[in-house]
Every structure is written in C-alpha cells, then in structure tokens.
2 protein chains.
Amino acid sequence: MNDIKQFLRSNALRPTKQRIVIAGYLFDGIDKHVTAESLSTELAKRKHIISLATIYNTLHDFYENGLLKKLTLSADRVYFDTNTDHHHHFYSEKEQFLIDINKNIKVNGLPKTPKNKKINKIEVIVHLD
Amino acid sequence: MNDIKQFLRSNALRPTKQRIVIAGYLFDGIDKHVTAESLSTELAKRKHIISLATIYNTLHDFYENGLLKKLTLSADRVYFDTNTDHHHHFYSEKEQFLIDINKNIKVNGLPKTPKNKKINKIEVIVHLD
DNA sequence: TCAACACTTTAGAATCATTCTAAACTGATA
DNA sequence: TATCAGTTTAGAATGATTCTAAAGTGTTGA
Ligand SMILES: [Mn+2]
Ligand SMILES: [Mn+2]
Ligand SMILES: [Zn+2]
Ligand SMILES: [Zn+2]
C-alpha cells in the first residue's frame, strides 16, 4: 500500500485512491492482460467502483510512463499488458485467449529493412484455434 | 472486365456494377492493403462513387470467400490485404506504412503450444519507426 | 423475352469502444 | 490549513463499423 504510493510517486503519478486500487491490482506480481472493460469488471468484483473514464485515463497514464504495454490484436478492443519486457504471445481470437511467450524467439530470414527506416521491434503472434 | 465477371461468378458472387469496379481495382495484379476508407477514396478518384456500406459489404464478401486477408495492426481501422498467401509485414504505425514480406521467415525457439490448442498461423510484424 | 424473386445497394440510424468536456474534487505544498 | 495544479467523473461527442429496411438489379425458368 505504501509501496504502491511510492511506486506511483516514483513515476510522477499522484497516488490517488483510484490509481492505488488499479495499480494494486495490476502490479500484484502476476502478469496480466486487461482491457478497460475487463479491468472495470475485475475491480467491481472487488467492490471498487471506478468510472470508466478514470480507468481509461489511468491505463493511458501508466502506458505513457512505461508501466504497461499496449497490444493491438483485435480491431475492437485494446489490451494492456503488465509484462513490459519484450516478449511475444499466443493468441486465440475466438476464445479471447492470451498467453505470454517469454522464451527467446529468433526470427530468421527477414529481408532488408526498407530505406531510411529503422526496426523498432519485432512482434510474433502465434494464432491459436 | 469479362474476366472479372467470371472471377466473381466463380466465387459465387453476383457480378454487380459495384463489385466489378471494386474487384477491378483490388485485383489488378498489384498487391494492395486497403481500408474501407482508403478504398472509397481511391475509387472516388477514379470517378466511381460507391456507398461506404457497399464497400464494407464487398470487402467482407471478398474476405469470406478467401479473396482477401484481414489485418489488425491498429485499433482504429481494419486493413484488407489482396495478398492471400501466407506472409508477414513491415509496419509503421506513425506513417501508416505497410509492406509485404514475402520471403520465407523462420521463427525459432517457440515454447510448446498450450494444451488442446493448435497453431493456426504465426504472424510476424516488424514495427518500423 | 420477361416475370418473379433472391440477392444487392444504399441512406441513414444504431452500436460501441474510446475520447472529450467541463465541473466538482483532492493530493501536495508552504 | 489555504491554495492550486492535478484528478475524477458524468455525460456528450467521436468515428469506425454494422444494421435496417426500402428501392434496385442480376438470374433464371417458362
Ligand atoms: Mn468498434
Ligand atoms: Mn474507434
Ligand atoms: Zn504479454
Ligand atoms: Zn500484405
């Protein structure tokens, strides 16, 4: 709790009630993939009602401070990932299923990068049925 | 033109004026990545005004018949890809830049597939700045 | 050839995730 | 503790996409 406050302060974020609840859930040591909606539902189960606007604001605040990664896997919802290390995913669109691949993956056979561009990151998505 | 009509018929799609125009543009031999919006704009330049509803309908009809692939790279627009072979992409979100990688790419070091799941496809996205 | 009908197109409304607005609230600071 | 910048929030707005239902058209069998 005080850890969380310090954690937020160290990221230049005021430790408000809402941020403490959200950070407490997201950064409890278990990596998670959440959408604004799933996060809202999860917190509601724990009797923490926070407006969707604040949930969106907070996810973006955390994202902008590098505490979350953003994943675009489907066109109609954005996932935020508490695992900020470079990693890849197993993904099932049908079952909304998302699992980290933390092992080192090597991608071989890439053609040369287009002129004047630089590779930012290589993302591997293993689509499952 | 008659080729296009046959092409559509052979895919169980009635060769309507609109579908002929859209297929004529999409399948002219040059691989393309389009959004509903970009396609609409492109056809308008060629003096072919087709309602957005029809453009969406047609893209989905083509997709459902395997004539297009669907790409989810950004949360706020869906790309359709005329290259239906399995391939990967260079992508710049900032510049809305999308280039096919047709070379064979090998992905090594994947962990074992989750129980009871099967790999549908492996997608590699090379993000550029 | 052409009537009949299933399939298609379309304008406009609806949907829905997300963002915006602006007013009330609160953490930090002196 | 007063002050103020930073936050939260309800509700409106946005924008891509889908839906609705009415008008239009390609196909086909006689
Ligand atoms: Mn949507
Ligand atoms: Mn959107
Ligand atoms: Zn992850
Ligand atoms: Zn492509």
Side-chain angles (χ1 to χ4, degrees), chain A residues 1-25 33-44 47-65 67-68 70-80 93 96, chain B residues 1-2 4-25 33-44 48-65 67-68 70-80 93 96:
Chain A
M1 170 70 191
N2 265 344
D3 313 355
I4 297 177
K5 285 194 181 184
Q6 279 319 308
F7 170 74
L8 290 169
R9 283 206 189 84
S10 74
N11 282 284
L13 294 165
R14 277 196 193 173
T16 63
K17 295 201 243 321
Q18 295 81 354
R19 283 172 178 165
I20 290 167
V21 165
I22 295 174
Y25 170 70
H33 303 100
V34 303
T35 64
E37 201 60 39
S38 78
L39 178 53
S40 170
T41 302
E42 207 50 53
L43 297 179
K47 309 298 177 199
H48 288 118
I49 306 303
I50 297 176
S51 77
L52 255 189
T54 296
I55 286 178
Y56 276 105
N57 289 341
T58 303
L59 287 172
H60 285 126
D61 293 342
F62 287 3
Y63 171 69
E64 249 121 52
N65 281 278
L67 305 178
L68 294 174
K70 201 187 288 193
L71 301 179
T72 301
L73 300 166
S74 147
D76 45 4
R77 62 202 113 86
V78 171
Y79 287 94
F80 289 90
E93 163 121 64
Q96 305 220 173
Chain B
M1 169 69 191
N2 264 345
I4 297 177
K5 285 194 181 183
Q6 279 319 310
F7 170 73
L8 289 169
R9 283 206 190 85
S10 72
N11 281 286
L13 294 165
R14 278 194 193 174
T16 63
K17 294 201 242 325
Q18 294 80 189
R19 283 172 177 166
I20 290 167
V21 165
I22 294 174
Y25 169 69
H33 303 100
V34 302
T35 63
E37 201 60 39
S38 78
L39 178 53
S40 170
T41 302
E42 207 51 53
L43 297 179
H48 289 117
I49 305 303
I50 297 175
S51 78
L52 254 190
T54 296
I55 285 179
Y56 276 105
N57 288 342
T58 303
L59 286 171
H60 285 127
D61 292 342
F62 287 4
Y63 170 69
E64 249 120 54
N65 282 278
L67 306 178
L68 294 173
K70 202 187 287 194
L71 301 179
T72 301
L73 299 166
S74 147
D76 44 3
R77 61 200 115 81
V78 170
Y79 288 93
F80 289 89
E93 163 120 65
Q96 306 219 172

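In what follows, chains carry the letters A, B, and so on, assigned in the order in which the sequence lines appear, proteins first and then strands, with residues in each chain numbered from 1. Source: prediction; values computed, not measured.
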Between [atom2] of [N] and [atom1] of [X], the distance in whole Å:
X	N	atom1	atom2	value
Tyr63(A)	dT18(C)	OH	P	14 Å
Asp61(B)	dT8(C)	CG	P	7 Å
Phe62(B)	dT8(C)	CZ	C1'	13 Å
Arg77(A)	dT18(C)	CZ	P	9 Å
Tyr56(A)	dC20(C)	OH	P	13 Å
Glu64(A)	dT19(C)	CD	C1'	13 Å
Asp76(B)	dT19(C)	CG	P	9 Å
Ile50(B)	dT25(D)	CD1	P	14 Å

Do any side-chain nitrogens or oxygens of His60(A) fall under 4.0 Å of OP1 or OP2 in dT18(C)?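 So the side-chain polar atoms of His60(A) never come under 4.0 Å of the phosphate oxygens OP1 or OP2 of dT18(C).
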Considering all heavy atoms, the nearest Ile55(B)-Ala36(B) contact: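 It is CG2-O, 3.7 Å.
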Taking side chain as C-beta onward, heavy atoms only, is [X] less than 4.5 Å from [Y]?
X	Y	value
Leu68(A)	Tyr79(A)	no
His33(B)	Gln96(B)	no
Val34(A)	Leu59(A)	yes
Asp61(B)	Arg19(B)	yes
Leu52(B)	Glu37(B)	yes

Comparing Arg9(B) and Leu52(B) on DNA chain D - which has the more 5′ nearest nucleotide: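 Here Leu52(B) is the residue nearer the 5' end.
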Using heavy-atom distances to pick each residue's nearest nucleotide on DNA chain D, tell me which of Asn57(B) and Thr58(A) is more 5'.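 The answer here is Thr58(A).
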Is Phe7(A) atom CZ crowded by more than 12 heavy atoms from other residues, nucleotides or ligands, each under 6.0 Å away?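 For Phe7(A), atom CZ is crowded (more than 12 foreign heavy atoms under 6.0 Å).
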Those residues of residues 10-24 of chain A lying under 4.0 Å from DNA chain C by at least one heavy atom: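 Within residues 10-24 of chain A, the residues near DNA chain C are Arg14(A), Pro15(A), Lys17(A).
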Measuring from the side chain of Thr54(B) (C-beta onward, heavy atoms only), which nucleotide among dT9(C), dT18(C), dT17(D) has the closest atom?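 It is dT9(C).
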